[in-house]
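So that the names make sense, note that chain A is the first sequence line, chain B the second, and so on, each numbered from 1. For clarity, every value in this text was computed on a predicted model and none was experimentally measured. Side-chain atoms are counted along with the backbone in the values below, which use heavy atoms only and exclude waters and symmetry mates.
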2 protein chains.
Amino acid sequence: MAASLDTVFAALADPTRREILRMLLEDDMAVTDVAHPFQMSLAAISKHLAILAAAGLITQEKRGRVKWCKLEPDALKPASVWMQSFGQFEPVNLDDFEAFLERELGTERDAD
Amino acid sequence: MAASLDTVFAALADPTRREILRMLLEDDMAVTDVAHPFQMSLAAISKHLAILAAAGLITQEKRGRVKWCKLEPDALKPASVWMQSFGQFEPVNLDDFEAFLERELGTERDAD
DNA sequence: GGCATATTCAACCGATCGGTTGACGATTGC
DNA sequence: GCAATCGTCAACCGATCGGTTGAATATGCC
């Protein structure tokens, strides 16, 4: 549960997994629905979700035959704190933040 | 130079590389000096440094036969910003931050 | 010139990663 | 009961990772 920085950063290093997290930001989703927009097998997505769960970034709860995936943003905190120990020890500027959101988040899919 | 989130997060996913970054926070260092505290070959450290450089997290400048490694904290910004798009969109609490620094940064070596 | 120092290169190794496929176990609905 | 749906498991694949070793390439020093 209290996953290591290793597992959290490794989980974030894959664009598919970052996109999944972004999707879950909007709402909880079933595994099949998470898989739908991707061009890969359900099994592959299932593995990605297991990695995210192992990192604590999501939790999964089975209700009936449907397994619901829920974002756990607090799991990002240790990593975020670690990163902020670099730079000037001040939180990210909000203007930069918004500018970045438009550029980076919005174009995530064709960034690589 | 403007490395992708993929390469930055992947670079951060290794404890040796995070420790190297922490060392460079104090001062620029030569490759040999970076390698000194680690129980692995110089070639292995050289590879780690190449990965950090490819992610833009450090720059390397050769002066004479010595290659100096310099931390580039700004390279963390895109990743930091990406992470802050989760959670409550507010910067990390400074109390949490200090508590974490003592726990996580201070005990990085035996964390895994 | 010749030796020591600093660093990388190249080849290799076992382990892990990201993906596939096909079979399997639960659960639901008719 | 039975077929369809949801999701995972297991085996496999090629690629990448983190490490080693030994040779090679600069550079500095006397």
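OP1 and OP2 of C:dG19 both lie 4.0 Å or more from every side-chain N or O belonging to A:Ser41. An OP1 or OP2 oxygen of C:dT8 is reached within less than 4.0 angstrom by a side-chain nitrogen or oxygen of B:Ser46. A sub-4.0 Å separation between OP1 or OP2 of D:dG18 and a side-chain N or O of B:Arg17 is present.
At whole-Å resolution of the value, CD1 in A:Ile45 and C1' in D:dC6 are 15 Å apart. The separation between A:Met29 atom CE and D:dG7 atom C1' is 15 Å, rounded to whole Å. Summarising the geometry, the separation between CZ on A:Phe38 and C1' on C:dT20 is reported as 17 Å, rounded to the nearest angstrom. Going from atom CD of B:Glu61 over to atom P of C:dA6 covers 18 Å, rounded to whole Å. Rounded to a whole Å, the CD atom of A:Glu19 is 16 Å from the P atom of C:dG18. Remark: P of C:dT5 and NZ of B:Lys62 are 17 Å apart, rounded to the nearest angstrom. The distance from atom CG of A:Asp6 to atom P of C:dC17 is 11 Å, rounded to the nearest whole Å. Between the CG atom of A:Leu42 and the C1' atom of C:dG18 there is a distance of 15 Å, given to the nearest Å.
Both B:Asp33 and A:Ala13 lie near DNA chain C, and the one whose nearest nucleotide falls closer to the 5' end is B:Asp33. Nearest-nucleotide positions on DNA chain C for A:Gly64 and A:Ala10 put A:Ala10 closer to the 5' end.
Listed by first then second residue, pairs satisfying salt bridge (charged side-chain N to carboxylate O under 4.0 Å, His left out) with a partner in residues 24-36 of chain B number zero, not counting sequence neighbours. Pairs passing the salt bridge (charged side-chain N to carboxylate O under 4.0 Å, His left out) check and including a residue from residues 40-62 of chain B, sequence neighbours excluded, read B:Glu61-B:Arg63.
Under the 3.5 Å distance criterion, the side-chain polar atoms of B:Arg17 are left unmatched by any main-chain donor or acceptor of B:His48.
Under the 4.5 Å side-chain criterion, counting only non-hydrogen atoms from C-beta, B:Leu5 is in contact with B:Pro78. B:Leu12 is listed as a side-chain neighbour of B:Leu21, based on a closest heavy-atom distance under 4.5 Å.
Looking at A:Lys47, its side chain comes within 3.5 Å of the base of C:dG19 through a donor and an acceptor atom. Side-chain to base pairing of B:Arg65 with C:dT7: no donor and acceptor N or O lie closer than 3.5 Å to each other.
Distances were taken from every side-chain heavy atom of B:Ala44 (C-beta onward) to each of D:dC6, C:dG19, D:dG19; the shortest belongs to D:dG19. When distances are taken from the side chain of B:Gln60 to each of C:dG19, C:dT8, D:dG7, the shortest belongs to C:dT8. Taking only side-chain atoms of A:Met40, from C-beta outward, the nucleotide of C:dG19, D:dT20, C:dA26 with the closest atom is C:dG19. Taking the side chain of B:Ala43 as heavy atoms from C-beta on, and the options D:dA26, C:dT8, C:dG18, the nearest nucleotide is C:dT8.
Backbone-only engagement by B:Ile51 is indicated by non-hydrogen atom pairs under 4.0 Å involving sugar-phosphate atoms exclusively.
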